[in-house]
Amino acid sequence: MPDLGKYADAVLSAYGVSSLLLLLLVIFTLRKGRAARQALEDVEKRSKTNG
Amino acid sequence: MSLWEYANPVRFLNLSARVLPVFWGLAVACLIVGLIWGFFFTPDDFRQGSTVKIIYLHVPSAMMAINAWVMMLVASLIWLVRRHHVSALAAKAAAPVGVVMTLIALFTGAIWGQPMWGTWWAWDPRLTSFLILFLFYLGYIALWEAIEDPDTAADLTSVLCLVGSVFAVLSRYAVNFWNQGLHQGASLSLDKEENVADVFYIPLLVCIAGFVLLFIALVLYRTGTEIRLRRTRALQAREGRA
Amino acid sequence: MVLEVRDLSVERGGIPVLTGLSFDLAAGQALILRGPNGAGKTTLLRTLAGLQPALCGEISGTQETIAYSGHSDGLKAMLTVAENLTFWAEVFGQKGIDRAMKAYALEPLAERLAGTLSAGQKRRLGLARLLVTARPIWMLDEPTVSLDTQAVAQFAQAAQAHLMSGGAALIATHIDLGLEAQVLDVAPYRARLDAKAGASDEAFL
Amino acid sequence: MVLEVRDLSVERGGIPVLTGLSFDLAAGQALILRGPNGAGKTTLLRTLAGLQPALCGEISGTQETIAYSGHSDGLKAMLTVAENLTFWAEVFGQKGIDRAMKAYALEPLAERLAGTLSAGQKRRLGLARLLVTARPIWMLDEPTVSLDTQAVAQFAQAAQAHLMSGGAALIATHIDLGLEAQVLDVAPYRARLDAKAGASDEAFL
Amino acid sequence: MKALLIRDLKLAFRAGGGFGLGLAFFLIVTVLVPFGVGPQSELLARIASGILWLGALLACLLSLDRLLALDWEDGTLDLLATSPLPLEAALSTKALAHWLTTGLPLVLASPVLGILLNLPGAGYFWLVISLLLGTPALSVIGIFGAALTVGVKRGGLLLSLLVLPLYVPTLIFGAEAARRGAAELDPTTPLLMLAGITAGTIAVMPFASAAALRVNLR
Amino acid sequence: MKALLIRDLKLAFRAGGGFGLGLAFFLIVTVLVPFGVGPQSELLARIASGILWLGALLACLLSLDRLLALDWEDGTLDLLATSPLPLEAALSTKALAHWLTTGLPLVLASPVLGILLNLPGAGYFWLVISLLLGTPALSVIGIFGAALTVGVKRGGLLLSLLVLPLYVPTLIFGAEAARRGAAELDPTTPLLMLAGITAGTIAVMPFASAAALRVNLR
Ligand code: HEM
Ligand SMILES: Nc1ncnc2c1ncn2[C@@H]1O[C@H](COP(=O)(O)OP(=O)(O)OP(=O)(O)O)[C@@H](O)[C@H]1O
Ligand SMILES: Nc1ncnc2c1ncn2[C@@H]1O[C@H](COP(=O)(O)OP(=O)(O)OP(=O)(O)O)[C@@H](O)[C@H]1O
Ligand SMILES: [Mg+2]
Ligand SMILES: [Mg+2]
């Protein structure tokens, strides 16, 4: 851990919040992607069985 | 084979399935290397102290926030002129990424501003026009969300993106005229004397590359998601019609 | 032929609704569109009126010739009956609303605000608008909704007069209008689910 | 008698429209209101439903017993067909929408947003709402507007079932519903211009 | 009532439903103020808490016209009035839904916007408290205004005109509390008044609104 | 076109038509500002011209949603689109009618409201000039926003969100000119920019609006 001096709060919160935002973005993207994939599979399966 | 053929949704999905792992991998690698390098292994600046480390987040995200809008503008133009659905959906997929980039830049900027300028926020031209860009993002996303029919939404958001870009540029001039700046000048341009020193410069470049790659990966992935949603919608609509 | 339609496909919400529709309309002729709810009559009329693009196929004869009347009448509640009609007459470059007022017996209501009319009276005013457009082809979507028998007769008479003077009409309706006309049932043209007709969703199928 | 009306006068826009109206409605009975456009059918129904006060006269039997359906259907464009119905069922303290969905063949449309339905499909949904209210007296204002023959038959069947199970119905319409019912022509009750019936304008006459 | 609340929330979150738009408007008003009065930060700090209260009020105000007008146009209100649900309960529920989708987000966002206007550090806490106490009153008063104007075609601005004077006491005490907080004075008195206004309006307004709506329906 | 203009003006002046409501809103915002920021007259004088510009802008904004939505709902737009009048001309006419019934009254009322906010004497003239030059742009940009959102049920707030960032340049130059005028500095440069923006938007926006409306009609 580098010595951040008196600005530790600023630097750490900047890194913390930014990585949190990025992480959230990635997680939501992946979740939405997975849900979309699932929904599509369901519909495709249905349309195959129904004709 | 022309580039346009990738605008076919199926082909796009196939292609992106192949290249996505590469982009994800490179993006994560660059981000980890760049940020760790920047955070742990760069010296403090003699004036700014350890806060200079914020540059590795602030500058790349601010750049990407602007570039994302440019990308949306190009995609919108392609949709309006050639009517490739993937293009419209890519613009839609990029907007939330752009918003998050904008938020990161705003947040890190504000945190940086407190020690450097003694204030979280100042009505400086660059900051102000950036804030206006944020508003354009919000409006753009809200318009996509509000319109039920996908093609109508694509058309209208494209028109908004075009008009918005013109006004974003106009605002930039207006804001410049309105107030004189406080924010850093262009520190990356190579021919300037006061370039950021090499110790900061190289990890910064790695971080920028990381953000660019992450953006590409996210947009490719999200475009795929949008395509699937649209296909689901189309199939469901036909089911309902049966 | 005042209107020719060849191999037309129309879409609604990104999905083809009717495909392969061809018909002609001659001067003096009326064509009645029939079909169950949701068949696509409204969509067809809107496409022909130029309010939405066709998926494919050709339409000729619709350049500045169409007077469209949909489910809503384009009336302003705060203008009087006469003012409403006068406005539309002027937009279509016509003068005089007397003939239209007379055809639907609107004179006693002339000074009433359109917002205070009953459902059927509003509809009569909406139909009177067609008479001030001086357009040869009428495209009407369920014109006689809420009308009583007397008003239906007024409409039939006005339509007959329009046809006599060389006009044409395309009318979607579920009930009998008392008008002799050919009937086109749109049900057989219903698009199959997998129809490829260039609908905007098609790239995703 | 589930509904008794004695010497009723109704007004619209401060002017009496119908006066001296008396009739009864028994369980299992349907009454059809007829009359030319502007006669006052809508006004009468709104008064009976308690949406506007009567000028004078007595109405009994309308306490929490009425399911009203007017010219518009109270549908939310951004809710699906099933969500729309469920909402109304819950407001009226009922459970289960299956019977209503089935009566108007709405199952295939269950997941469609109400805003994307055609005119007739919307109307069918509006009528299905009546079946989830569990109220004994239906008051319907031109219920079959825009419906095709099949849907009109569905409506007639649903109404018949409602009557069989001890309900009653009061229906204003211009067209034939295929429902055996008494007819009440409101035209004779039209208020004369100088009728003193307690309208709000009267003090100034 | 639960059905109505859930439906209203659902509609707000659906496309075009308006959730977040009040927030966006609040953001935009706050952003525009510096363009109007100029960017001097000391000047902005002095007017910050007042402008934030004003912005929240305007954002609330603008969302009022969709409160009842949509239900009126498609006939839902007619049907609700003939349903077993008393109109008072229906309107209170709608006010609650309005507050949840408009007022509450405004309260939560206000500190962030305070940064933009250079709000002094001591002001944040009291700004949030005063908004939290005051915004429910805005929703309840708003629904009264909406009930009064629902019959008027596109009554949006008329509604604003009627409601704004009713908003004045809330604004005065709310902004005063926030201003005192920011100036490190004691904000208890205005806060108590604010709480009193909110409690009073919540108790009385639904009846007034239902009465107004009944008149409009006939 | 003349028929449309006359009809729009007539409708605006009829009951419920909205004439004067923009003005009333302008008045109310100006009156509320002292409640929000406190009554110190020196402070008010400093922010007066900015607040007046902001108030005019908001008043304009709020009247936008009746610009097209009413005509959309009752089917008038469908009929207009099939009429011989080109959509561009129809929209320009409607923008003109909007300016005549909203922008112009605001311009005329602004000096009176300036008194309420203690506007310095030198400011009145330039305030009126800048509003006169700027408000037409607000109407034309507004009709673009209205055309974009006309299909969205009760798009009022969405419309505000879309239009406000587009208003920023106009607001900056307009308020800057008014402020300079009030501070007895030279306001020519911002006024020229303002005139340029107005001319540019009037020339280009009707086409963008008509394009958006055509998409929405289909
Ligand atoms: C909320 C406050 C801030 C915002 C919104 C903001 C926004 C921006 C934007 C939009 C850029 C331009 C990126 C590009 O043109 O590609 C940028 C770059 C930059 N910012 Fe900030 N900034 C803020 C605060 C700060 C602070 C406090 C500092 C340091 C004292 C800082 C240092 C920099 C640097 C060094 C660059 C790179 C300049 C260049 O090469 O173009 N920023 N910022
Ligand atoms: N916005 C929309 N999105 C998706 N589908 C829609 C939309 N609007 C209508 N539809 C569907 O398109 C089909 C055609 O509708 P249209 O309104 O043309 O029918 P119609 O023949 O006029 O019926 P009606 O007799 O009930 O008026 C219907 O199945 C309808 O459900
Ligand atoms: N707001 C109003 N102000 C004044 N008069 C009105 C108002 N609304 C309706 N009227 C008049 O009241 C009378 C009764 O109207 P009502 O709507 O009850 O007729 P209706 O029998 O339902 O006709 P329709 O068959 O056309 O629906 C009509 O003559 C109408 O013109
Ligand atoms: Mg139809
Ligand atoms: Mg009626």
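In what follows, chains carry the letters A, B, and so on, assigned in the order in which the sequence lines appear, proteins first and then strands, with residues in each chain numbered from 1.
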Beyond-backbone contact of [X] with [Y], side-chain heavy atoms, under 4.5 angstrom:
X: A:Leu22; Y: B:Phe211; answer: yes
X: B:Phe39; Y: A:Leu12; answer: yes
X: B:Glu226; Y: A:Lys32; answer: yes
X: A:Asp9; Y: B:Gln114; answer: no

Where does A:Leu30 contact chain B at under 4.5 Å (heavy atoms): side chain, backbone, both or neither?
both
Name the region of A:Phe28, side chain, backbone, both or neither, that has any atom closer than 4.5 Å to a heavy atom of chain B.
neither
Exercise: identify the closest heavy-atom pair between B:Thr108 and A:Ser18:
CG2-OG, 3.2 Å
Could you tell me which non-hydrogen atom of B:Ile111 sits nearest to which non-hydrogen atom of A:Ala10, and how far apart they are?
CG2-O, 3.3 Å
Which bit of B:Leu214 is near chain A, if near means a heavy-atom gap under 4.5 Å: side chain, backbone, both or neither?
side chain
Could you measure the distance from the OG1 atom of B:Thr232 to the CG atom of A:Leu40? Nearest 0.5 Å is fine.
4.0 Å
Which one wins on heavy-atom pair count under 4.5 Å against chain A: B:Val97, B:Thr225, B:Val52?
B:Thr225
Between chain A and each of B:Ile54, B:Leu31, B:Leu35, B:Leu57, count heavy-atom pairs under 4.5 Å; write down the option with the most.
B:Leu57
So which of A:Arg37, A:Glu41, A:Arg34 has the biggest tally of heavy-atom pairs under 4.5 Å with chain B?
A:Arg37
